[in-house]
Number of protein chains: 2
Amino acid sequence: MRMMASGKKQKNGSAGRKAKKARRKKVNDLRLDMQGDEHEEGGGGRSESTESSAGGGVGGERQREHPFVVTEPGEVARAKKNGLDYLFHLYEQCRLFLLQVQSMAKLHGQKSPTKVTNQVFRYASKVGASYINKPKMRHYVHCYALHCLDEDASDALRRAYKARGENVGAWRQACYAPLVDIAARHGFDIDAVFAAHPRLAIWYVPTRLRQLCHQARSAHDAAAAHAGAMPPPMF
Amino acid sequence: MRMMASGKKQKNGSAGRKAKKARRKKVNDLRLDMQGDEHEEGGGGRSESTESSAGGGVGGERQREHPFVVTEPGEVARAKKNGLDYLFHLYEQCRLFLLQVQSMAKLHGQKSPTKVTNQVFRYASKVGASYINKPKMRHYVHCYALHCLDEDASDALRRAYKARGENVGAWRQACYAPLVDIAARHGFDIDAVFAAHPRLAIWYVPTRLRQLCHQARSAHDAAAAHAGAMPPPMF
DNA sequence: AGAAGGACCAGTGGTCCGTA
DNA sequence: AGAAGGACCAGTGGTCCGTA
């Protein structure tokens with residue numbers, strides 16, 4: 001028996017969405033393949049720091065990628081886990097796929113994407129990089145952003161969170177604050193910060209990060225107003 | 001009795017679309033207002049070259065804008081017609097609406113459009129500029145582009161087409177060729193041409209114009225290859 | 001016939017939530 | 001519990017075609 005979830009969310013900082021239809025239609029409910037209960041990939045043991053350790057056995061259901069763990073720079077994740085160097089490597093791969101898509105589009109006189117779009121994710125899947133998917137890449141964009149913008153800070157954060165034994169979710173949350181600080185030094189304009197970095201400019205600014213920068217600016221402006229000297233608004 | 005049209009089109013230079021449902025549902029078929037057969041706006045006679053001469057009477061059905069006619073620069077269109085200065089003025093208005101939307105978005109920490117998007121058209125309607133709509137603006141973008149990029153050529157074309165008594169559709173078609181020539185001087189990169197002009201950069205490159213530039217490049221490359229010296233491909 | 005624009009549709013950005 | 005990602009939805013870009 002499954003409960004019907006209500007499905008609230010905040011679309012892009014504006015008012016909430018209108019009524020949604022009931023979701024999750026449970027496709028693919030009947031298994032036609034020979035999967036029994038559980039199975040694991042047969043081979044094993046690739047272990048470059050930027051190599052996945054996920055499944056990929058011949059035939060059968062596609063395995064999920066192994067979950068990420070907080071690793072130090074250069075550290076190889078242990079069995080059934082992927083490290084953060086590998087995570088960041090996925091962003092580099094997406095960039096290369098974007099470059100491919102752009103080249104093909106221009107060759108054929110079609111409009112060329114400037115960002116990693118659905119089209120790019122579709123291309124990645126088509127050429128076999130099925131371990132790349134949109135929800136995952138969007139989920140960790142800001143972590144990659146910190147890695148791009150301040151690798152030392154990013155590395156330090158990884159070491160600290162690994163030392164404390166924090167899980168990936170906690171590390172991911174912790175990546176926001178240093179980014180807001182960086183944005184603050186650029187007038188809280190996180191779009192400008194992304195746009196100014198060539199490897200970052202191809203990624204959409206995550207909604208949550210944008211919200212946090214906006215909140216920080218409001219707090220900053222309020223504090224300045226309280227201090228007496230009201231600065232002119234940024235826009 | 002109305003025939004069911006088949007509804008073919010070329011999506012963005014790629015393969016044709018998949019099957020479409022039957023279109024046109026004929027909403028708003030019953031009139032609840034007091035319109036009889038025909039009606040015209042009561043007042044009259046505004047006649048600045050960038051002022052519309054379309055309806056806007058109090059209450060009742062919204063009048064369509066008057067059709068465009070080919071006018072010389074500075075020329076005022078006669079009754080029930082709008083001139084080309086007015087057309088180009090609409091593009092300037094859209095730019096101002098975009099600037100408004102951008103300012104509001106940034107104030108609220110939301111993502112800010114870089115182009116004239118649906119959001120901008122919605123804003124234009126909301127603030128009363130209901131004479132601005134997406135199909136119209138997209139239809140004439142390349143005409144506005146020529147006006148921006150080579151006003152002398154644009155003016156000359158207008159005078160020539162007016163002198164010949166051509167209709168707006170013919171003039172509109174004629175705007176493509178000079179633009180392709182301009183693109184040719186920039187490596188056939190029409191996107192770069194648009195992007196380099198501040199008032200043009202906010203408009204999407206029309207599909208048809210992009211196709212024509214692509215075709216021209218192909219023809220150009222083929223001619224060069226035939227001449228013996230094969231140049232390197234642009235991308 | 002020529003033209004303006006309401007309304008449609010395929011595919012997008014964004015992310016929820018059923019799943020492992 | 002923590003996490004990966006299939007699948008969904010609101011709103012987009014693009015323009016057709018019923019309308020005046």
Side-chain angles (χ1 to χ4, degrees), chain A residues 2-12 14 16-29 38 54 61-69 81-82 111 113 115-122 130-141 167-170 172 204 206-208, chain B residues 2-12 14 16-29 38 54 61-69 81-82 111 113 115-122 130-140 166-170 172 204 206-208:
Chain A
R2 201 175 297 287
M3 303 295 274
M4 186 61 69
S6 69
K8 278 273 185 60
K9 76 178 137 179
Q10 298 261 133
K11 173 63 166 66
N12 192 20
S14 70
R17 294 198 176 184
K18 293 167 196 164
K20 284 192 178 188
K21 294 176 195 163
R23 304 185 74 181
R24 294 298 94 72
K25 235 178 285 181
K26 191 99 173 87
V27 171
N28 195 18
D29 209 351
E38 182 72 18
E61 288 267 288
R62 170 158 290 287
Q63 287 290 83
R64 287 190 180 193
E65 285 287 287
H66 292 150
F68 291 109
V69 281
K81 298 289 179 184
N82 280 315
K111 65 190 291 187
K115 306 261 187 196
V116 177
T117 60
N118 281 353
Q119 188 185 14
V120 174
F121 289 120
R122 228 180 307 114
S130 56
Y131 46 86
I132 287 178
N133 62 67
K134 182 170 60 165
K136 175 160 63 188
M137 301 314 290
R138 298 279 183 238
H139 194 63
Y140 293 105
V141 168
N167 63 32
V168 172
R172 179 180 171 274
Y204 290 114
T207 304
R208 179 73 186 138
Chain B
R2 202 176 294 288
M3 305 293 274
M4 186 62 68
S6 70
K8 279 271 185 60
K9 75 178 138 181
Q10 297 260 136
K11 173 63 166 67
N12 192 21
S14 71
R17 294 198 176 183
K18 292 168 195 163
K20 285 194 177 187
K21 296 177 195 164
R23 305 186 74 182
R24 293 297 94 71
K25 234 179 285 179
K26 190 102 174 87
V27 170
N28 196 17
D29 210 351
E38 182 73 19
E61 289 267 287
R62 171 157 290 286
Q63 287 289 84
R64 286 190 180 193
E65 284 287 286
H66 292 150
F68 291 109
V69 281
K81 299 291 180 183
N82 280 316
K111 66 192 289 189
K115 306 260 189 198
V116 177
T117 60
N118 280 355
Q119 188 185 15
V120 174
F121 289 120
R122 230 179 306 113
S130 56
Y131 47 86
I132 287 177
N133 63 65
K134 181 170 59 166
K136 174 161 65 189
M137 301 314 291
R138 298 279 183 239
H139 193 63
Y140 292 106
E166 301 276 8
N167 62 32
V168 172
R172 177 179 172 276
Y204 289 114
T207 305
R208 179 72 186 138

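So that the names make sense, note that chain A is the first sequence line, chain B the second, and so on, each numbered from 1. Note that these values count all heavy atoms, side chains included, but never hydrogens, waters or copies made by symmetry.
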Notebook entry, point to check: Watson-Crick or G-U wobble partner for C:dT19, using a 3.5 Å limit on both distances?
Noted result: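 Looking at the geometry, C:dT19 pairs with D:dA3.
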
Note to self: Does the structure show a Watson-Crick or G-U wobble partner for D:dG14, both distances under 3.5 Å? Name it, or say none.
What the structure shows: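 Result: C:dC8.
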
Once you round it to whole Å, what is the distance between [atom2] of [N] and [atom1] of [X]?
{"X": "A:Phe68", "N": "D:dG5", "atom1": "CZ", "atom2": "C1'", "result": "12 Å"}
{"X": "B:Phe121", "N": "C:dC8", "atom1": "CZ", "atom2": "P", "result": "19 Å"}
{"X": "A:Glu65", "N": "D:dG6", "atom1": "CD", "atom2": "P", "result": "11 Å"}
{"X": "A:Lys134", "N": "D:dG6", "atom1": "NZ", "atom2": "C1'", "result": "11 Å"}
{"X": "A:Arg64", "N": "C:dC17", "atom1": "CZ", "atom2": "C1'", "result": "11 Å"}
{"X": "A:Asn82", "N": "D:dA3", "atom1": "CG", "atom2": "C1'", "result": "12 Å"}
{"X": "B:Asn118", "N": "C:dG11", "atom1": "CG", "atom2": "C1'", "result": "14 Å"}
{"X": "A:Tyr131", "N": "D:dG5", "atom1": "OH", "atom2": "P", "result": "12 Å"}

Quick check: do [X] and [Y] have side-chain heavy atoms less than 4.5 Å from each other?
{"X": "A:Asn167", "Y": "A:Phe68", "answer": "no"}
{"X": "A:Val116", "Y": "A:Tyr204", "answer": "no"}
{"X": "B:Arg138", "Y": "B:Pro206", "answer": "no"}

Does [N] have its OP1 or OP2 closer than 4.0 Å to a side-chain nitrogen or oxygen of [X]?
{"X": "A:Lys111", "N": "D:dG14", "value": "yes"}
{"X": "B:Arg122", "N": "D:dT12", "value": "yes"}
{"X": "A:Lys136", "N": "D:dA4", "value": "no"}

Check: Is the NZ or CZ atom of A:Lys136 both under 6.0 Å from the centre of the six-membered ring of A:Phe121 and within 45° of that ring's axis?
Finding: no

Next item on the list: Scan B:Tyr140 against the nucleic acid and name what it touches under 4.0 Å (heavy atoms): base, sugar-phosphate only, or nothing.
Entry: sugar-phosphate

Check: With a 4.0 Å cut-off on heavy atoms, is A:Asn167 in touch with a base, just the backbone sugar-phosphate, or nothing at all?
Finding: sugar-phosphate

Item checked: Least distance between heavy atoms, B:Lys134 atom then B:Asn118 atom -> NZ-OD1, 3.0 Å

Checklist line | A:Asn133 side-chain proximity, nearest of D:dG5, C:dA3, C:dT15 | finding: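 Within the option list, the nearest is D:dG5.
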
Check: Nearest of C:dG14, D:dG13, D:dG18 to any side-chain atom of A:Tyr204?
Finding: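 Selected nucleotide: C:dG14.
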
Notebook entry, point to check: For atom P, what is the distance between C:dT15 and C:dT19, given to the nearest Å?
Noted result: 22 Å

Next item on the list: Please tell me which of A:Pro67 and B:Pro135 maps to the more 5' nucleotide of DNA chain D, matching each residue to the nucleotide holding its nearest heavy atom.
Entry: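 Between the two, 5'-proximity favours A:Pro67.
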
